[in-house]
Amino acid sequence: MAVQPAFIGDVQGCADEFEDLLARLRQELGADLEPWLAGDLVNRGPANLRLLERVHDLVEAGRARYVLGNHEIALLESALGRRPLRVTDSFGDVLGSSDLSYWVEWLRRRPLLETGQLGRRRFALVHAAVHPEWDLDTLLKRVRRVEERLGAPELETAVELLCAERSRDRDRDLLDRLTCCRSVGPRDGWSKDEPGGGSEPWHQAWSTRGHEYGVVYGHWAMQGLHVAPGLRGLDTGCVHHGRGRDGLLTAWLPDLRTPDPFAVPDHRFRQVPARRVYRPVDAAEG
């Protein structure tokens, strides 16, 4: 039997819920399970180091895929002294680890984009967004350049990228778009903010271009589960439980028997609830 990918949304330090979801998926799929994680393993939740160690072991054993999110970029920037800690940061357990230098090296060499094929459709896994105009081959080419700089043998090359202003460095702009974008506007503009004032959701702009590839992403907890032709948005805000809604950790199990698993309707989702309230604060927090 073919390996069954399970695409999982933002975990953000909710290690117990991750184990709950894995246990449920393993009960259903057994050894065929292969988690594909959409980034933001860390921050806001309580057990970042434990979760990072767990995913690290799966990835290094060739049993999982994982792309970086904006909170991993924030962790790298903080570890390298380029970003002050914020009151909402909870990855102090990673920063205080005796293995911090290892985690810096391991994280900066993780991909920003994973690709594959489901049925007849190619797809991209990213944390937040893709450029609405780009086909998959263009996206791959542009992203690999950013990954090369972030994961360069010389740490200084990565630091230079992380310190760059996105208005002056197109690679930094793409790094931020991949990990932070929610809306797009005229003249190739984009924002991490909710759509408004002439902007639209990035995936709406992407959909109008009629791309042949699909996109799986996370990042947008306020939007919640997003199921549309060619699109699966999986951030259902596990760590945001207590902000007037229930937090859930979500996995998508694409139907490998169909020509296009990205078609709708689609009900192949598995969810586990947050075990407790983690951050009962302003829902606008990113």
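Note that the numbering runs from 1 along the sequence shown for the chain.
Salt-bridge check for K141 with D137: failed, with every basic side-chain N at 4.0 Å or more from each acidic carboxylate O. Classification of E60 and R109 as a salt-bridged pair fails, no side-chain N sitting under 4.0 Å from a carboxylate O. Ionic pairing of E133 and R209 is present here: one or more N-O contacts between side-chain nitrogen and carboxylate oxygen are shorter than 4.0 angstrom. Using a 4.0 Å cut-off between charged nitrogen and carboxylate oxygen, R145 and D171 count as a salt-bridge pair. The residues D57 and R63 are annotated as not salt-bridged, no charged nitrogen and carboxylate oxygen being separated by less than 4.0 angstrom.
Remark: of the listed residues D20, L253, V272, L253 is the sole one forming a side-chain contact (heavy atoms from CB on, under 4.5 Å) with L25. Screening L80, L107, V104 against L75 for a side-chain contact (heavy atoms from CB on, under 4.5 Å) leaves a single residue, L107. Considering R54, R276, R50 as possible partners of D16, the one that fulfils the salt bridge (Lys or Arg N to Asp or Glu O under 4.0 Å) test is R50. Results of the side-chain contact (heavy atoms from CB on, under 4.5 Å) test with V184 over E200, H131, H203, Q204 single out E200 as the only residue that passes. Residue W36 forms a ring pair (Phe, Tyr, Trp, His ring centres under 6.0 Å) with just one option from Y66, F7, Y217, and that option is F7.
At least one donor-acceptor pair under 3.5 Å links the side chain of D93 to the backbone N or O of N48. At distances below 3.5 Å, not a single donor-acceptor pair connects side-chain atoms of S78 with backbone N or O atoms of L85. Distance alone, capped at 3.5 Å, is enough to place a donor-acceptor pair between the E17 side chain and the R275 backbone. In this structure a side-chain-to-backbone donor-acceptor pair under 3.5 Å is present from S90 to G45. Remark: side-chain polar atoms of Q117 are paired, donor with acceptor, to backbone N or O of G119 under 3.5 angstrom. Side-chain N or O atoms of E147 include one that pairs as donor or acceptor with a backbone N or O of L112 at under 3.5 Å. Not one N or O on the side chain of R270 forms a donor-acceptor pair closer than 3.5 Å with the backbone of A251. Checked by atom type and distance alone, the side chain of Q12 never pairs as donor or acceptor with a backbone atom of L41 at under 3.5 Å. At distances below 3.5 Å, not a single donor-acceptor pair connects side-chain atoms of S199 with backbone N or O atoms of P195. Panel note: side chain D99, backbone Y102; no donor-acceptor pair is recorded below 3.5 Å.
Summarising the geometry, atom OH belonging to Y213 is positioned 5.5 Å from atom CG belonging to L139; distances are rounded to the nearest 0.5 Å. Going from atom CD of Q223 over to atom CG of D235 covers 9.0 Å, rounded to the nearest 0.5 Å. How far OG1 of T258 is from CG of L118: 8.5 Å, rounded to the nearest 0.5 Å. Remark: C181 SG to L174 CG distance equals 10.5 Å, nearest 0.5 Å. The line from CD1 of I73 to NE2 of H127 is 10.0 Å long, rounded to the nearest 0.5 Å. To the nearest 0.5 Å, atoms CG (D255) and NE2 (H267) are separated by 12.0 Å.
Residues T115 and F123 are not in side-chain contact: their nearest non-hydrogen atoms beyond the backbone lie 4.5 Å or more apart. Considering only heavy atoms from C-beta on, R170 stays 4.5 Å or farther from V146 through its side chain. Within the 4.5 Å cutoff, the side chain of L256 has heavy atoms near those of the Q4 side chain.
Under the 6.0 Å distance and 45° angle rule, R108 does not count as a cation-pi partner of W106. Taking the ring centre of W202 as origin, the terminal cationic atom of R177 falls outside the region bounded by 6.0 Å and 45° from the ring axis. A cation-pi arrangement is found for R142 relative to W134, the charged atom lying closer than 6.0 Å to the ring centre and inside a 45° cone about the ring normal.
Judged by distance alone, the side chains of W190 and D173 do bring a donor and an acceptor atom under 3.5 Å apart. Side chains of D10 and H71: no donor on one and acceptor on the other come within 3.5 Å.
Residues L22 and L49 share a hydrophobic cluster, clusters being chains of Ile/Leu/Val/Met/Phe/Trp/Tyr side chains in contact below 4.5 Å. Note: the hydrophobic cluster containing L125 does not contain W220 (ILVMFWY, side chain heavy atoms under 4.5 Å, direct or indirect links). Under the 4.5 Å side-chain heavy-atom criterion for ILVMFWY residues, a single connected hydrophobic cluster contains both L155 and L95. Cluster annotation: V130 is not connected to F262 through the hydrophobic network of ILVMFWY side chains, with a link wherever side-chain heavy atoms come within less than 4.5 Å. Hydrophobic clustering, with ILVMFWY side chains joined whenever heavy atoms are under 4.5 angstrom apart, groups L37 together with V126.
In terms of heavy-atom proximity, L33 sits nearest to A6 at CD1-CB, 3.5 Å. Taking all atoms of both residues into account, the shortest heavy-atom contact from G237 to A221 is CA-CB, 4.0 Å. When all heavy atoms of R121 and E212 are compared, the closest pair comes out as CG-O, 3.2 Å. Between P35 and I8, the closest heavy-atom pair is CB-CD1, 4.1 Å. Nearest heavy atoms, V227 versus L225: CG2-CG, 3.9 Å. Taking both residues in full, the closest heavy atoms of C180 and A128 are given as N-CB, 3.5 Å, listed atom of the first, atom of the second, then distance.
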Kindly determine whether L248 and Q271 satisfy side chain to side chain contact (heavy atoms under 4.5 Å, CB included), including the steps that lead there. CA-CA 6 Å; L248 300 165; Q271 296 181 315; 3.5 Å; yes

For D169 and R149, what are the C-alpha separation, side-chain angles and deciding distance, and is it a salt bridge (Lys or Arg N to Asp or Glu O under 4.0 Å)? CA-CA 12 Å; D169 189 316; R149 289 180 66 185; 3.0 Å; yes

Could you go through the side chain to side chain contact (heavy atoms under 4.5 Å, CB included) check for V3 and D32 one step at a time? CA-CA 5 Å; V3 169; D32 298 316; 5.7 Å; no

Dump the intermediate steps for side chain to side chain contact (heavy atoms under 4.5 Å, CB included) on V67 and D40, then the final yes or no. CA-CA 8 Å; V67 297; D40 275 9; over 6 Å; no

For L68 and R110: C-alpha separation, side-chain torsions, deciding distance, then whether side chain to side chain contact (heavy atoms under 4.5 Å, CB included) applies. CA-CA 6 Å; L68 294 175; R110 294 310 95 208; 3.7 Å; yes

For the pair D89 and R83, evaluate salt bridge (Lys or Arg N to Asp or Glu O under 4.0 Å) and give the outcome as yes or no after the intermediate values. CA-CA 11 Å; D89 290 333; R83 173 186 177 275; 2.9 Å; yes

Apply ring pair (Phe, Tyr, Trp, His ring centres under 6.0 Å) to W206 and H211, showing your working. CA-CA 7 Å; W206 179 89; H211 293 291; 5.4 Å; yes

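Atom CZ of R144 has more than 12 neighbouring heavy atoms from other residues, nucleotides or ligands inside a 6.0 Å radius. The local environment of CD in Q27 is sparse, with at most 12 non-hydrogen atoms from other residues, nucleotides or ligands closer than 6.0 Å. The local environment of CZ in R120 is sparse, with at most 12 non-hydrogen atoms from other residues, nucleotides or ligands closer than 6.0 Å.
The aromatic rings of W103 and H56 sit perpendicular to each other, their planes meeting at more than 60°, with 30° as the lower class boundary.
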